[in-house]
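By convention in this document, chain letters (A, B, ...) are assigned in the order of the sequence lines, proteins followed by strands, and residues within each chain are numbered from 1. All values derive from a computational prediction rather than experimental measurement.
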2 protein chains.
Amino acid sequence: MEQRDGDLADPTNLTDPTDPSDLWTISRLAEEHGVTLRTIRHYEDVGLLSPARRGSQRLYDARQRIRLQLVLRGKRLGFSLPEIATIVNMYDEQPGEAGQLRYLLDQIEVRRAELEQMRRDIDETMTELDRVAARCHEDLARLA
Amino acid sequence: MEQRDGDLADPTNLTDPTDPSDLWTISRLAEEHGVTLRTIRHYEDVGLLSPARRGSQRLYDARQRIRLQLVLRGKRLGFSLPEIATIVNMYDEQPGEAGQLRYLLDQIEVRRAELEQMRRDIDETMTELDRVAARCHEDLARLA
DNA sequence: GCTTACGTTGACGTAAGCGTAAACCCGACC
DNA sequence: GGTCGGGTTTACGCTTACGTCAACGTAAGC
């Protein structure tokens, strides 16, 4: 964005009353996280992000940026976007009433159980990868 | 399967020359692992399983059963079926030549890195879930 | 006022991972 | 010999998570 370069060259920031160091355009956000614009817009379509707007242009503040990072972490963990939505929305849920809170605690337990299962799966896979690697090294030594 | 029940009721095993305790039909295998027949056949379509046949009927031995379990573990970890294929095939690769072996070791390192990233993601998610849970308990206490 | 860079909204395309009939075979039982 | 309860194949359908145009707005610089 040449406009942001302009801002950097203009410490008085006459071009934009808001502090641009706390705001990201969709391109910068995408590039920073190694995803496409389409992906970010898609996350907005399904309610995972809700950036501010200047006219029609999307502007992402620190909070939206964090949400994106939470989404991407969820993806690395193999969760679907709806699942990620429930998880991410846990983080900024209002106190609410007792029933809600108990339901939320239930959900947390569900997720925790899933994550612990994943941890076990990872450990098992790791040790098996080690075994395969060891066999590889043996075979290599035998060939030398 | 009434045929297997028959086997159990017939210790002399006259109905089947092979030892059925080491062989699974597709239904038993599916039920045991909580997946559908369609899923198991699909895994065969994409080359993840290759059961023996008695006529047209699929028969799974211990080795195929293990492979299915590896596939399902890969799925729980969020890997795609093609990714799972490369991982699973590592386990019963023939020694091969040096170049192959080095490539395999490379792949193992790639997977290991992914798994370690997942481990970090899990840890972070866990601590955040803990924080949310703690806040929930506070709010509940405040309501009481 | 034209270009260029960046943004926007549809809307259709696609690959993966199965679901879901439809139509058939085959051995067992009554 | 019909009719179960299993099995089989073929094939089209569906959902998710975006990719990929197409057509357009808008602000900046020459």
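B/Ser50 is linked by a side-chain hydrogen bond (donor to acceptor under 3.5 Å, both in side chains) to nothing, counting only residues two or more places apart in sequence or in another chain. By the side-chain contact (heavy atoms from CB on, under 4.5 Å) test, A/Asp61 is found to be paired with A/Leu23, A/Arg63, A/Gln64, residues two or more places apart in sequence or in another chain being considered. Shown here are the side-chain hydrogen bond (donor to acceptor under 3.5 Å, both in side chains) partners of B/Arg111, two or more places apart in sequence or in another chain: B/Glu114. With sequence neighbours excluded, the residues forming a side-chain contact (heavy atoms from CB on, under 4.5 Å) with B/Val46 are B/His42, B/Leu48, B/Leu81, listed by chain and number. Looking at residues two or more places apart in sequence or on another chain, you find a side-chain hydrogen bond (donor to acceptor under 3.5 Å, both in side chains) between B/Arg73 and A/Glu124, A/Thr125, A/Glu128. Applying the side-chain hydrogen bond (donor to acceptor under 3.5 Å, both in side chains) rule to A/Gln69 yields the partners A/His33; only residues at least two apart in sequence or on another chain are considered. Residues satisfying the side-chain contact (heavy atoms from CB on, under 4.5 Å) test with B/Thr39, not counting sequence neighbours, are B/Val35, B/Thr36, B/Tyr43. Shown here are the side-chain contact (heavy atoms from CB on, under 4.5 Å) partners of B/Glu138, two or more places apart in sequence or in another chain: B/Arg142.
Contacts between residues 36-50 of chain B and DNA chain C, defined by a heavy-atom separation below 4.0 Å, involve B/Thr36, B/Arg38, B/Thr39, B/His42, B/Tyr43, listed by number.
Rounded to an integer number of Å, the gap from A/Gln57 CD to D/dT26 C1' is 9 Å. Note: CZ (B/Arg54) to P (D/dG6) measures 15 Å, nearest angstrom. When the C1' atom of D/dC18 is taken as reference, atom NE2 of A/His33 falls 18 Å away, rounded to whole Å. Counting to the nearest Å, the P atom of D/dA17 and the CD1 atom of A/Ile84 are 8 Å from each other.
The residues A/Arg112 and A/Glu109 are annotated as salt-bridged, a charged nitrogen and a carboxylate oxygen being separated by less than 4.0 angstrom.
Scanning DNA chain D for stems, defined as runs of 3 or more consecutive Watson-Crick or G-U wobble pairs whose donor-acceptor distances all fall under 3.5 Å, gives the following ranges: C:1-30 with D:1-30.
Nearest heavy-atom pair, A/Arg135 versus B/Met90, reported as atom, atom and distance to 0.1 Å: NH2-O, 3.7 Å.
Looking at the side chain of B/Arg58, the nearest of the listed nucleotides D/dG7, D/dT9, C/dG17 is D/dT9.
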Interface polar pairs with nucleotides 22-27 of chain C, N/O, under 3.5 angstrom:
none

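Residue B/Lys75 places at least one side-chain N or O closer than 4.0 Å to OP1 or OP2 of C/dC18. In this model, the phosphate group of C/dT9 is approached by a side-chain N or O of A/Arg53 to a distance below 4.0 Å at OP1 or OP2.
The list of salt bridge (charged side-chain N to carboxylate O under 4.0 Å, His left out) pairs with a residue in residues 94-106 of chain A, not counting sequence neighbours, is empty.
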